[in-house]
Amino acid sequence: MPTALITGVTGQAGSYLAELLHRKGYRVVGMHRRTSTPTTGRIAHLLEQIEIAQGDLHDQLSLIDALKQYQPDEIYNLAAQSFVPTSWNQPVLTAEATALGVTRMLEAVRAVDPSVRFYQASSSEMFGKVREVPQTESTPFHPRSPYGVAKTYGHFITVNYRESYDLFACSGILFNHESPRRGLEFVTRKVSHAAASIKLEVQDTVGLGNLEASRDWGFAGDYVEAMWLMLQHDSPGDYVVATGTAHTVREMCEIAFGHVGLDFEDHVVSDPNMVRPAEVEHLIGDASKARNVLGWQPRVGFKELIEMMVDADLELIERTSRNET
Ligand code: G4F
């Protein structure tokens, strides 16, 4: 039974990845930073099946100790400060976790067991002000936020450790991946939750920023399969993971509100606080390499994804109003 260590296991992608690896027969160890309030909601249903390791990407020794104790065959480094707007408020913290955290984990791999297979969660935010459309593994990066800059460092240090030390280190350049488990601050979930709340008369409006921003949105459950496939391949590499279709925030609102019989124009208001100092206007990925080399392809389409999220939020709000958990 192989052992997988997942950093960021309490996040959206971490929870889907833990489910996938558990189903495949792995011993799954989720690395978790201690907090005074519980953050294990997304993996509550898995806590009997997986093990939890205390550790923090800010703390080099905690990583070395976790690797020595659990002896993973594969490490999936998903932990990060991952909300783009926060990276302007806390650029140094973002760099510590999202950039230097990767080096600390790679150093732990080198120190404890260089044969470990390593996956780095890179991001389409690295493309930023895009140099070509669609974006591939060879498109130059031009990040537009401290988050994007930190992820670009994380990407290149992964490539560098592969080239310098012959580590089996892969970088998955994932485009936006969403699900009912997405945090409420991200735009898809903010909109799905608002559409459901407005339908159920819990609220009346929602304030959004740039409605013309366009993203290649896929389903997080599909994307974690690509992560796993990268570490099963004969040789390490970098892969774009995307659907190859892009939609604007406006189109997403149309689908979400339309799904519950509402017109988004009646409920979406402009919130200047949501406009970013430097915006990434348009992202669309070309995942041909992942398709051809790994045999990966997404299953859930955009409309299905947004409707799934609205349905889940309708159910959540109704359950909450009945005081059920
Ligand atoms: O949902 P978002 O906050 O996601 P963003 O910035 O594209 O980043 C996400 O995807 C990346 C790629 O996988 C990850 F690396 C990253 O960690 C994160 O998961 O915003 C999407 C777009 C932006 O252009 C933003 O300006 O939606 C626009 N937007 C418009 N109104 C809004 C809002 N975004 C948010 N969060 N909230 C709004 O009210």
Side-chain angles (χ1 to χ4, degrees), residues 8 11-16 77-90 94 97-99 101-102 120-130 135 141 143-155 171-179 181-195 203 205-220 222-224 226-227 239-243 246-254 256 264 267-285 287 298 302 305-306 309:
Q12 172 194 231
S15 70
Y16 282 108
N77 187 38
L78 311 189
Q81 189 303 96
S82 65
F83 188 47
V84 173
T86 295
S87 73
W88 277 284
N89 298 114
Q90 300 181 23
T94 301
T98 307
V102 187
Q120 168 59 16
S122 291
S123 164
S124 56
E125 282 294 301
M126 301 187 305
F127 296 119
K129 193 168 181 174
V130 298
Q135 294 84 54
F141 299 133
R144 295 272 281 169
S145 61
Y147 168 83
V149 173
K151 278 287 178 187
T152 305
Y153 173 94
H155 170 79
S171 171
I173 307 173
L174 268 56
F175 283 60
N176 298 51
H177 38 290
E178 317 294 314
S179 77
R181 298 184 196 169
R182 198 42 150 153
L184 283 165
E185 67 274 37
F186 296 92
V187 75
T188 50
R189 182 74 199 292
K190 185 171 175 181
V191 168
S192 69
H193 194 266
Q203 72 187 66
T205 58
V206 59
L208 296 179
N210 180 10
L211 296 189
E212 308 316 323
S214 160
R215 290 288 184 279
D216 182 333
W217 278 295
F219 174 51
D222 289 343
Y223 284 32
V224 297
M227 299 176 186
Y239 295 87
V240 160
V241 179
T243 70
H247 300 269
T248 60
V249 174
R250 181 183 295 280
E251 288 169 332
M252 195 252 298
C253 290
E254 266 168 21
F264 84 94
H267 302 281
V268 171
V269 296
S270 168
D271 182 349
N273 293 321
M274 292 296 144
V275 175
R276 300 178 179 185
E279 175 66 295
V280 174
E281 295 289 349
H282 179 73
L283 290 175
I284 181 165
F302 179 64
L305 169 65
I306 299 303
M309 292 175 70

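Remember, it's a predicted structure, so these values are computed and weren't measured experimentally. In each ligand, atom 1 is the first atom listed, and ligand 1 is the first ligand listed. Both backbone and side-chain heavy atoms feed into the values below; hydrogens, waters and symmetry mates do not.
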Quick one, [X] and [Y] - any side-chain contact, counting heavy atoms below 4.5 Å?
X: Lys151; Y: Phe141; result: no
X: Ser82; Y: Thr98; result: no
X: His155; Y: Ile173; result: yes

Below 3.5 Å, N or O to N or O, backbone or side chain included: is there any such pair between [X] and ligand 1?
X: Phe186; answer: no
X: Thr188; answer: no
X: Lys190; answer: yes
X: Ala213; answer: no

Examine the proximity of ligand 1 to [X] and report which part, side chain or backbone, both or neither, has a heavy atom under 4.0 Å away.
X: Tyr147; result: side chain
X: Lys151; result: neither
X: Val249; result: side chain

Among protein heavy atoms, which sits nearest to atom 11 (C) of ligand 1, and what does the distance come to when rounded to 0.1 Å? Ser123 OG, 3.8 Å
What protein heavy atom lies closest to atom 4 (O) of ligand 1? Include the residue and the distance to one decimal. Asn176 ND2, 3.6 Å
Which residues pass the side-chain hydrogen bond (donor to acceptor under 3.5 Å, both in side chains) test with Asn77, sequence neighbours left out? Thr7, Gln120
With Arg250, which residues qualify under side-chain hydrogen bond (donor to acceptor under 3.5 Å, both in side chains), at least two apart? Glu212
Please determine if Glu125 and Arg215 form a salt bridge, counting it only when a charged side-chain N lies under 4.0 Å from a carboxylate O. yes
[X] side chain vs [Y] backbone, donor-acceptor pair below 3.5 Å:
X: Arg189; Y: Arg182; value: yes
X: Glu281; Y: Ala213; value: no
X: Thr243; Y: Asp216; value: no

For [atom], tell me which residue out of [options] has the closest non-hydrogen atom.
atom: atom 3 (O) of ligand 1; options: Glu279, Arg276, Arg215; answer: Arg276
atom: atom 36 (N) of ligand 1; options: Gln12, Arg189, Glu185, Arg182; answer: Glu185
atom: atom 1 (O) of ligand 1; options: Val187, Thr98, Val268; answer: Val187
atom: atom 8 (O) of ligand 1; options: Asn210, Leu174, Val241, Val84; answer: Val84

Atoms of ligand 1 close to [X] [distance to a heavy atom under 4.0 angstrom, numbered from 1]:
X: Ser82; answer: 16 (C), 17 (O), 18 (C)
X: Ser124; answer: 12 (C)
X: Gly209; answer: 30 (C), 31 (N), 33 (C), 39 (O)
X: Phe83; answer: 3 (O), 36 (N)

Can you check whether His177 and Tyr16 have ring centres sitting under 6.0 Å from each other? no
ring-ring contact (aromatic ring centres under 6.0 Å, His included) with Phe83: which of Tyr147, Phe186, Trp88? Phe186
